Amino acid sequence: MEDDNAWEIIENPHMTEQAMDMIDEENKLVLMVDLDANKNQVQDAVETLFDVEVLKVNTNITPQAQKKAYVKLSKSDSAMDVATELGMM
């Protein structure tokens with residue numbers, strides 16, 4: 001996947017206290033993604049943009065009609081490093 005296409009899928013990081021706890025404790029990122037994106041596209045976009053290995057992606061649609069993706073990274077990759085790169089920290 002190309003970087004331009006990947007940024008079309010990932011809209012922005014979701015920065016809440018709960019999301020920060022997930023970064024620290026569970027090595028997960030919480031991202032707002034395109035409503036039409038599926039889990040495989042989200043996984044490819046994160047792996048392309050941040051050069052990490054994604055183990056699992058869970059998604060849900062919020063009452064505001066936005067899609068939120070919970071991205072679990074491998075133990076060899078740090079969610080904190082990715083969050084820093086995204087400007088969350």
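All values below were derived from every heavy atom in this structure, side-chain atoms included, with hydrogens, water molecules and symmetry-related copies excluded. As the structure is a computational prediction, the values presented were derived from the model and not from experiment.
- Both Leu49 and Met80 are part of a single hydrophobic cluster, where members link through side-chain heavy atoms under 4.5 Å apart.
- Here the closest heavy-atom approach between residue Leu86 and residue Pro13 is recorded as CD1-CB, 4.2 Å.
- In this structure, the side chains of Ile9 and Asp44 stay at 4.5 Å or more apart for every pair of heavy atoms.
- Cluster annotation: Val30 is not connected to Met20 through the hydrophobic network of ILVMFWY side chains, with a link wherever side-chain heavy atoms come within less than 4.5 Å.
- No continuous path of hydrophobic side-chain contacts links Met15 to Met22 [ILVMFWY only; heavy atoms under 4.5 Å].
- With sequence neighbours excluded, the residues satisfying side-chain contact (heavy atoms from CB on, under 4.5 Å) with Asn12 are Met32.
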Would you be so kind as to tabulate the donor-acceptor pairs closer than 3.5 Å made by side chains of residues 53-75, with sequence neighbours excluded?
from, atom 1, to, atom 2, distance (Å)
Thr62, OG1, Gln64, N, 3.4
Thr62, OG1, Gln64, OE1, 3.4
Thr62, OG1, Gln66, N, 3.2
Thr62, OG1, Gln66, O, 3.2
Lys67, NZ, Leu35, O, 3.4
Lys67, NZ, Ala37, O, 2.7
Lys72, NZ, Glu26, O, 2.7
Ser74, OG, Ser76, OG, 3.1
Ser74, OG, Asp77, OD2, 2.9

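- Side-chain atoms of Asp81 and Phe50, non-hydrogen and from C-beta on, never get closer than 4.5 Å to each other.
- The line from OG1 of Thr48 to CD of Gln43 is 10.0 Å long, rounded to the nearest 0.5 Å.
- Ile10 is not listed as a side-chain neighbour of Val42, based on a closest heavy-atom distance of 4.5 Å or more.
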